[in-house]
Amino acid sequence: MKRILSVLLVLVLTLSLPLCLAPQTQAATKLVAITFDDGPSGYTAGLLDGLKARGAKATFFVVGNRIGSYPETMRRLVREGHQIANHTTNHPQLTTLSASSIRQELNTCENKLKQYGGNQMYCLRPPYGSYNSTVRQQSNGPLILWSVDTLDWQSRNATAVYNKIINNTTDGSIVLLHDLYSTSVSGALRAIDTLKARGYEFVTVNELFRRRAITMQKGSVYSAAYNKGITLPAVEAPVAPSITVSDVLGGKTVSLTTTTKNAEIHYTTDGSKPSEKSKKYSGAFTVKQNTTIRAVAYNSVLSKESKKSITVPLAAAPTATYNEGKLTLTAAKGTTLYYTVGDGAPTTSSAVYSAPIAMQTACGVLVRAKGAADRKITYTLTKYGALFSDISHKAWYYNAVSEVVQKGIMVGTANQNFAPDQKVSRAMFITALYRMSGERAEVTPLEQFEDADMQSWYAEALSWGVEKEIVKGMSEHTFAPNDNITREQMCAFICRFLAYKQLSPECHEREPFADEKEISFWALQDVMALYEMELINGRDNAMFCPASQTTRAECAQVLVNLLTL
Ligand code: NI
């Protein structure tokens, strides 16, 4: 018994030895190119599912006049890594045609292939494997025949197809099939399972020749790439790029790297999907605004995508004060201030701020910091020396803003902003009118307006407006204090203000507004009266834009017009 056991033990050890060594002495992969002619067809999509499940690649010699009927199948072929190739446009026997007819047959198909596979050298399989020197001369690519003919079109029998493949395939074979028959598809997929188990890898024709270190030549004829001792490694998808972002003056620098040798990096900055056709990375670059980087590495195979959103803030604004003819700026930490006095645009070659700047009208400042986009600010003085960073002394409303700020009728919003384009709420407008009147009023309870907050900043002005019959509600019970005031509503307020003040400026005849019909019936009289009194003007092209909301600049101008009465 003991002896038997020891014999068994020796046997087990001997048997297991090659198994243990197997991973280290792995045999070179056997390659086979499986090819399908005459499609695409209704069976191709199912074939693609089967190939995908098995990790097998194939080559499809498609017929040009069928391509248009299967656009999604064509896209899938390319997307899933199969090779698309030329099988002429109408499947004629090319040897019976003239050179120019052959060229037309080949080029028409190739132009359709290009819509899916782009510019590349497309392999040709002449129908019936029939070619001559004219066909070879006219071809834009190599001619690919086969070494294993399954005769699938004849048998229409999956088992027969399977047996043909299994019994005839060797390392380097090119197998001929047609994706026109369900029997070809099922026979081929079964054969793939069997041959994979025997160590075969299913590759495209291009990959078969590349791995056998054969450079196919245009016009040459190939029917197999048998193993003569050279099998190059498969190209694996490169490692996806890593995206490194670092701070530089005026923005952020982006570096893209992949650990895969000889892989190119391609990227987009507009959010679009990157491919090998996207911009090629050639060195670190700087982004000056919020940007999404999407990048891939490519070495005939695309890597997975890397994506990074980069936020580039604006350099922090300094605090600014103006006193006795001098602008004093206090720079935020880590920022440098460059400036030019007057209307010139500052650059990083301009003077660097170090002490208060003597300033008469305007001063341009460029703020630069690491990791932030340059901020440009133009400080402008009103006629009376108030400092703003968002008005120009060349703006049409410059004088009006100067006046209303000087008289305290309107004030800046924050950080030297006047916000000329910002809209004016109904509460703000009655407040401005109230301030302009110079009158004082007590806050009175206003029961008619359910939405008026009589504890708020506008309570006094609103009480005054109601008492003087300048304000009417939006409806019987609402004032809508926070709604932006439209241009025609503003006219109605002003007309009632004029009535209260018993002012009736002289009227002048003026060209009618092109959009007079747009003015609400209740406002038409008021709008036209103010227009003829030259207290209000249209906007561009003789338009009044009655429903448009009033801007702070327009509000300032109207109030200044009233002040002149
Ligand atoms: Ni054919």
Side-chain angles (χ1 to χ4, degrees), residues 27-39 47 51 54 56-62 82-88 91 93-95 121-132 135-136 139 141-181 183-185 187-232 234:
T29 311
K30 288 179 274 188
L31 303 176
V32 53
I34 192 168
T35 68
F36 293 90
D37 287 14
D38 297 359
L47 170 59
L51 293 173
R54 291 163 177 81
K57 304 295 179 212
T59 303
F60 291 80
F61 290 93
V62 299
H82 304 291
Q83 182 177 343
I84 53 173
N86 198 332
H87 197 41
T88 75
H91 207 273
Q93 183 146 1
L94 292 174
T95 49
M121 189 167 79
Y122 287 97
C123 292
L124 168 67
R125 175 167 287 160
Y128 317 103
S130 171
Y131 68 92
N132 58 20
V135 174
R136 291 179 56 179
S139 177
L143 279 66
I144 306 297
L145 302 184
W146 55 86
S147 59
V148 177
D149 189 348
T150 58
L151 297 174
D152 59 335
W153 56 275
Q154 213 171 45
S155 71
R156 311 275 181 100
N157 179 306
T159 304
V161 170
Y162 170 81
N163 285 331
K164 281 275 186 192
I165 300 173
I166 295 305
N167 295 335
N168 296 289
T169 296
T170 58
D171 185 5
S173 291
I174 297 177
V175 180
L176 171 63
L177 286 144
H178 299 81
D179 50 335
L180 295 180
Y181 315 108
T183 46
S184 301
V185 171
L189 293 178
R190 267 181 64 199
I192 290 171
D193 290 336
T194 302
L195 290 176
K196 273 189 75 180
R198 294 183 190 172
Y200 278 90
E201 187 181 340
F202 285 79
V203 295
T204 63
V205 166
N206 281 349
E207 180 68 358
L208 171 65
F209 284 88
R210 187 192 69 75
R211 291 185 58 188
R212 287 282 137 86
I214 298 166
T215 306
M216 291 188 287
Q217 304 294 330
K218 169 185 159 176
S220 295
V221 183
Y222 304 88
S223 53
Y226 295 123
N227 190 345
K228 291 178 180 162
I230 303 174
T231 303
L232 301 177

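- With values rounded to the nearest 0.5 angstrom, Ile214 atom CD1 is found 11.5 Å from Ser220 atom OG.
- For the residue pair Tyr162 / Thr194, a side-chain donor-acceptor distance below 3.5 Å is found, with atom types taken as modelled.
- A salt bridge does not link Asp38 with Arg125: every distance from a Lys NZ or Arg NE/NH1/NH2 to an Asp or Glu carboxylate oxygen is 4.0 Å or more.
- Nearest heavy-atom pair across Gly129 and Leu145 is CA-CD2, 3.9 Å.
- Take Thr59 and apply the side chain to side chain contact (heavy atoms under 4.5 Å, CB included) test, not counting sequence neighbours, and it matches Thr35, Phe61, Gln83, Ala85, Thr204, Val205.
- Enclosure of atom NZ in Lys57 by more than 12 non-hydrogen atoms of other residues, nucleotides or ligands within 6.0 angstrom is indicated.
- Val221 has its side chain within reach of Arg136: a pair of non-hydrogen atoms, C-beta onward, lies under 4.5 Å apart.
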| field | Worked verdict on Ile84 versus Tyr122 for side-chain contact (heavy atoms from CB on, under 4.5 Å) | value | CA-CA 8 Å; Ile84 53 173; Tyr122 287 97; 4.0 Å; yes
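- Checked by atom type and distance alone, the side chain of Asp171 pairs as donor or acceptor with a backbone atom of Leu31 at under 3.5 Å.
- Ile230 is linked by a side chain to side chain contact (heavy atoms under 4.5 Å, CB included) to Ala213, Leu232, counting only residues two or more places apart in sequence or in another chain.
- In terms of heavy-atom proximity, Thr95 sits nearest to Tyr131 at CG2-C, 3.5 Å.
- Between Gln217 and Thr215, the closest side-chain pair of non-hydrogen atoms falls below 4.5 Å.
- Here the shortest heavy-atom pairing between Ala234 and Glu207 reads CA-OE2, 4.0 Å.
- Tyr128 is linked by a ring pair (Phe, Tyr, Trp, His ring centres under 6.0 Å) to His91, counting only residues two or more places apart in sequence or in another chain.
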| CA sep, side-chain torsions, deciding dist, call: Thr169, Leu195, side-chain contact (heavy atoms from CB on, under 4.5 Å) | CA-CA 9 Å; Thr169 296; Leu195 290 176; 4.0 Å; yes
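- Ring geometry for Phe36 versus Phe60: interplanar angle under 30°, hence parallel rather than tilted (30 to 60°).
- Tested against Ser184, the residues Asp179, Asp152, Thr150 include a single side chain to side chain donor-acceptor pair (under 3.5 Å) partner, Asp152.
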| Worked check of side chain to side chain donor-acceptor pair (under 3.5 Å) between Asp37 and His178 | CA-CA 5 Å; Asp37 287 14; His178 299 81; 4.5 Å; no
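- The shortest non-hydrogen separation linking Leu94 to Val135 is CB-CG2, 3.7 Å.
- Contact check for Leu51 versus Ile192: side-chain heavy atoms found under the 4.5 Å cut-off.
- Separation of atoms CD1 (Ile165) and OG (Ser173) is listed at 10.5 Å; rounding is to 0.5 Å.
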| message | Pair Asn206, Met216 - check side-chain contact (heavy atoms from CB on, under 4.5 Å), show working. | response | CA-CA 8 Å; Asn206 281 349; Met216 291 188 287; 3.2 Å; yes
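- Counting all heavy atoms, side chain and backbone alike, Ala224 lies closest to Ile174 at N-CD1, 3.7 Å.
- Sequence neighbours left out, the pairs with a member in residues 188-202 that pass salt bridge (Lys or Arg N to Asp or Glu O under 4.0 Å) are Arg54-Asp193, Glu201-Arg211.
- Within the structure, the ring-ring contact (aromatic ring centres under 6.0 Å, His included) test picks out the following pairs touching residues 193-223 (sequence neighbours left out): Phe209-Tyr222.
- Across all non-hydrogen atoms, the minimal contact from Arg212 to Ala225 is NH1-O, 2.9 Å.
- The side chain to side chain contact (heavy atoms under 4.5 Å, CB included) check on Ser155 picks up Asn157, Ala160, Val161, with sequence neighbours excluded.
- Considering only heavy atoms from C-beta on, Leu177 stays 4.5 Å or farther from Val185 through its side chain.
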